[in-house]
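Only one structure is covered here, and it is reproduced in the block below.
The sequence lines fix the lettering, A, B, ..., with proteins before strands; numbering per chain opens at 1.
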Number of protein chains: 2
Amino acid sequence: MSIPTLEEVARAAGVSRATASRVVNGSPSVRVEARESVERAVAQLGYVPNRISRSLVTRRVDSIGVVIAEPTGRIFGDPFFAEVLRGISAGLAARQMQLVLVISQSPEEERRAARYLTGGHVEGVILFSLHGDDGLPEYLQSNGVPVVVGGEPPRGTRVSYVDNDNHGGAFAAVKHLIEQGRTRIATITGPLDMPAGVTRRLGYHDALRAAGRTPDADLEESGEFTREGGQRSMEVLLQRCPDIDAVFAASDLMAAGALSALYAAGRRVPEDVAVVGFDDSIIALSTQPALSSVHQSMEVMGRELVSVLLQTVDARDHVLRRVVLETELIVRQSSGGPQTGKN
Amino acid sequence: MSIPTLEEVARAAGVSRATASRVVNGSPSVRVEARESVERAVAQLGYVPNRISRSLVTRRVDSIGVVIAEPTGRIFGDPFFAEVLRGISAGLAARQMQLVLVISQSPEEERRAARYLTGGHVEGVILFSLHGDDGLPEYLQSNGVPVVVGGEPPRGTRVSYVDNDNHGGAFAAVKHLIEQGRTRIATITGPLDMPAGVTRRLGYHDALRAAGRTPDADLEESGEFTREGGQRSMEVLLQRCPDIDAVFAASDLMAAGALSALYAAGRRVPEDVAVVGFDDSIIALSTQPALSSVHQSMEVMGRELVSVLLQTVDARDHVLRRVVLETELIVRQSSGGPQTGKN
DNA sequence: CTGAAAGCGCTTACAG
DNA sequence: CTGAAAGCGCTTACAG
């Protein structure tokens with residue numbers, strides 16, 4: 001009735017606890033008879049090892065934590081996160097580790113989460129979409145918890161990370177719009193307290209400057225990485241500068257919102273206004289017209305994050321590891337690509 | 001450098017490990033001097049209790065698992081889940097427990113998750129959107145893990161659950177459409193291997209029968225609870241029965257998809273076809289026109305799930321607990337409600 | 001109010 | 001190949 005322990009398995013199998021443990025952990029140095037006897041007892045009693053106890057002695061735990069520093073609304077609205085989680089999960093599979101997603105939506109819940117993560121429950125943690133001065137990575141590290149950040153960490157934070165080439169991607173997108181002959185290129189930025197928001201905006205600026213143009217603050221609006229934000233920003237931009245003929249949105253979700261606003265305003269895409277997004281998520285293929293976008297594989301990022309984290313865990317060192325993944329511009333119909341936008 | 005233990009705190013504070021433990025756990029029976037000395041040591045050493053060790057002796061753990069039995073794509077596409085998670089998190093706050101979301105996307109990952117959940121990491125688990133013959137609830141229970149299911153569990157599964165009144169909600173929706181004078185009322189069902197899908201369909205049938213009508217299989221199509229599924233189903237229904245003048249979709253997301261299909265087919269909503277959804281999620285307010293929908297509070301469901309789970313955990317009994325939450329039809333523009341659909 | 005001691009369920013040198 | 005024993009970091013009767 002109650003949950004069986006190794007002790008009981010050993011007794012039922014007529015061996016010592018040590019031998020039972022060896023069998024359960026697949027040690028090769030156990031006689032067949034003993035092994036089979038233990039296996040029979042395990043099956044009969046329905047024994048499941050208590051990982052908590054095991055952790056205490058092995059000082060290893062079979063899971064890693066993933067923290068996404070966003071209100072659940074955004075986490076669950078953006079396909080970005082689903083993709084990255086898929087990648088992390090795939091990367092973990094080979095190591096038989098469990099992904100544990102920790103959600104916190106208020107300062108109090110954040111403290112609870114911090115306590116959980118430093119309490120020995122996870123081997124290390126992957127942090128996502130950090131804002132401004134989030135102290136979590138430093139707190140965790142100072143408590144001996146290995147940390148890797150997905151995306152560029154806030155300035156001045158000494159922490160390993162895996163990032164996409166946000167600058168290069170934004171640069172390529174805007175360069176493409178310039179080459180299409182567009183002259184009034186606006187941008188809908190991400191939140192400027194997030195490095196990804198800042199860096200993509202910088203790529204936009206640098207591409208303009210590289211073509212001998214001067215960035216114009218009137219052509220910029222922040223869309224908070226949400227669909228609604230993108231739509232609102234586009235409305236504001238059209239109001240302020242009716243002559244806009246192109247827009248670079250720092251995420252696909254915002255680009256989708258911008259498309260709605262352009263449609264509502266009677267502008268044709270791409271004839272009147274060309275649009276390029278960022279992420280190249282499934283959204284890019286479901287918009288009308290299909291969305292040109294900067295491709296980045298969040299699934300690959302997930303795998304890399306796991307790889308970097310486990311390297312750090314295994315090495316037990318304090319080496320800072322950085323990985324920057326390439327991005328690539330995919331041109332579709334929304335910026336003048338062919339009608340039947342096969343990727 | 002290395003992580004300090006209670007032992008070291010005790011030594012630094014000049015007390016026994018027992019006293020240090022009492023202070024850390026807020027026991028009242030400790031002299032002030034001792035307390036302050038320990039608190040100083042804790043602060044100075046940066047001591048964080050190892051919850052794993054604590055769990056081993058208290059036989060309690062500070063987290064509960066939440067399993068959503070869906071591919072991440074769907075989890076992250078439907079606001080439904082975000083809401084319910086918010087409710088669970090809120091319900092947990094009072095108990096200082098951590099929500100741990102366990103994601104599995106393949107049979108292998110499912111086995112890993114099952115091992116994790118039975119390994120002593122969680123106090124109990126909340127299971128979501130179970131399909132057909134999922135054996136997880138029974139497996140967990142037989143391994144001593146308290147379980148509560150969100151939504152109606154598969155037939156024949158003896159497990160506690162919290163459900164919404166799916167039948168009553170669907171019945172009210174269809175009754176409303178009949179009262180609006182609609183004569184060819186179609187339905188886009190959820191997956192029929194999920195109880196919620198089956199029960200909402202039954203509510204649709206029963207409302208028709210209560211009005212003396214006979215359900216017509218040609219007017220039913222399954223939409224898999226996704227936006228795309230809803231759109232596709234609506235297209236099929238229109239093709240098959242061009243005279244449809246109303247549709248009850250078993251989720252808002254599917255209703256939104258249906259709206260797109262109706263729009264593309266040139267049907268006016270509600271003039272030509274009235275539409276009612278189910279969930280009353282944020283989607284219902286963001287569609288054009290605003291969507292009539294059966295309201296259910298997923299946040300309340302989340303809180304109830306926590307409450308039922310913790311009751312079971314505290315009681316350590318095998319009592320089956322069931323809670324059914326009311327649903328309420330909210331009439332908006334898509335089925336003839338007022339233009340400026342407040343609420 | 002406080003400490004010595006037992007014990008939670010497991011793994012792993014160590015000796016045989 | 002196997003078992004007795006120590007120990008992981010903590011809590012908690014128990015005795016004082």
Tabulate below the donor-acceptor pairs under 3.5 Å that side-chain atoms of residues 90-100 of chain A make, not counting sequence neighbours, or state none.
from    : atom 1 : to       : atom 2 : distance (Å)
A:Arg95 : NH1    : A:Asp314 : OD2    : 3.2
A:Arg95 : NH2    : A:Asp314 : OD1    : 3.3

Q: Represent DNA chain C in dot-bracket notation, 5' to 3'. Only Watson-Crick or G-U wobble pairs with both distances under 3.5 Å count; pseudoknot-style crossings use [ ] and interstrand partners use |.
A: |||.||||||||.|||
Q | Minimum heavy-atom distance A:Leu117-A:Gly65, with the two atoms named | A |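 Result for this residue pair: CD2-CA, 4.5 Å.
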If you round to the nearest 0.5 Å, how far is [atom2] of [Y] from [atom1] of [X]?
X        : Y        : atom1 : atom2 : result
B:Phe128 : B:Leu101 : CZ    : CG    : 10.5 Å
B:Ile3   : B:Leu45  : CD1   : CG    : 12.5 Å
B:Met301 : B:Ser297 : CE    : OG    : 9.5 Å

Q) Which residue pairs pass the salt bridge (charged side-chain N to carboxylate O under 4.0 Å, His left out) test when at least one of the two sits in residues 14-30 of chain B, sequence neighbours left out? A)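 Listed by first then second residue: B:Glu7-B:Arg17.
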Identify each donor-acceptor pair in which a side-chain atom of residues 30-42 of chain A lies under 3.5 Å from a protein atom, sequence neighbours left out, and give them as a table.
from    : atom 1 : to      : atom 2 : distance (Å)
A:Arg31 : NH1    : A:Glu33 : OE2    : 2.8
A:Arg35 : NH2    : A:Ser27 : O      : 3.1
A:Ser37 : OG     : A:Ala13 : O      : 2.8

Round to a whole Å and report the spacing from [atom1] of [X] to [atom2] of [N].
X       : N      : atom1 : atom2 : answer
B:Arg31 : D:dG16 : CZ    : P     : 20 Å
B:Arg35 : C:dT2  : CZ    : P     : 9 Å
A:Arg11 : D:dT2  : CZ    : P     : 19 Å
A:Glu8  : C:dG9  : CD    : P     : 9 Å
B:Arg22 : D:dC14 : CZ    : P     : 14 Å
B:Leu6  : D:dG9  : CG    : P     : 11 Å

Distances under 3.5 Å between protein N/O atoms and the N/O atoms of nucleotides 5-8 of chain C, please, pair by pair.
from  : atom 1 : to      : atom 2 : distance (Å)
C:dA6 : N6     : B:Arg17 : NH2    : 3.4
C:dC8 : O3'    : B:Arg59 : NH2    : 2.8

Q: Under the ring pair (Phe, Tyr, Trp, His ring centres under 6.0 Å) rule, collect the residues that match up with B:Tyr161, sequence neighbours excluded.
A: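 Expected list: none.
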Q: Write out all pairs satisfying side chain to side chain donor-acceptor pair (under 3.5 Å) with one or both partners inside residues 112-124 of chain A, taking only residues at least two apart or from two chains.
A: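 Every side chain to side chain donor-acceptor pair (under 3.5 Å) pair that includes a residue of residues 112-124 of chain A, provided the two are not neighbours, is A:His121-B:Asp62.
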Q) Which residue pairs satisfy the ring-ring contact (aromatic ring centres under 6.0 Å, His included) criterion with at least one member in residues 136-160 of chain A, sequence neighbours excluded? A)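 Listed by first then second residue: nothing to list.
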Q.
Pair A:Glu138, A:Thr157 - check side chain to side chain donor-acceptor pair (under 3.5 Å), show working.
A. CA-CA 7 Å; A:Glu138 253 131 6; A:Thr157 312; 4.7 Å; no
Q) What pairs with B:Val57 under side chain to side chain contact (heavy atoms under 4.5 Å, CB included), at least two apart in sequence or on another chain? A)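 Checked B:Val57 against side chain to side chain contact (heavy atoms under 4.5 Å, CB included); zero matches.
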**Q.** Residues which pass side chain to side chain contact (heavy atoms under 4.5 Å, CB included) with A:Asp317, listed by chain and number, not counting sequence neighbours
**A.**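 Residues passing side chain to side chain contact (heavy atoms under 4.5 Å, CB included) with A:Asp317: A:Thr312, A:Ala315, A:Val319, A:Arg321.
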Q) Which of residues 39-51 of chain B sit near DNA chain D, with a heavy atom under 4.0 Å from it? A)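 Residues of residues 39-51 of chain B that come under 4.0 Å of DNA chain D are, in numerical order, B:Tyr47, B:Pro49, B:Asn50.
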**Q.** Any side-chain heavy-atom pair of A:Val67 and A:Ile126 under 4.5 Å
**A.**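 No. Closest side-chain heavy atoms not under 4.5 Å.
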Q: Report the nucleotide, chosen from D:dT11, D:dG3, D:dC1, that has the shortest atom-to-atom distance to any side-chain atom of A:Ser16.
A: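 Of D:dT11, D:dG3, D:dC1, D:dG3 is nearest to the side chain of A:Ser16.
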Q. Looking at B:Arg54, does any N or O in its side chain come under 4.0 Å of the phosphate oxygens OP1/OP2 on D:dT11?
A.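 Yes, within the criterion.
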Q) Is there a side-chain polar atom (N or O) of A:Ser21 under 4.0 Å from OP1 or OP2 of C:dT11? A)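 Yes, within the criterion.
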Q: Tell me which residues in residues 112-120 of chain B put a heavy atom below 4.0 Å from DNA chain C, sorted by number, or none.
A: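 The answer is none.
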Q. Taking the C1' atom of each, how far is D:dT12 from D:dG16, in whole Å?
A.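 Taking atom C1' in both D:dT12 and D:dG16, they lie 16 Å apart.
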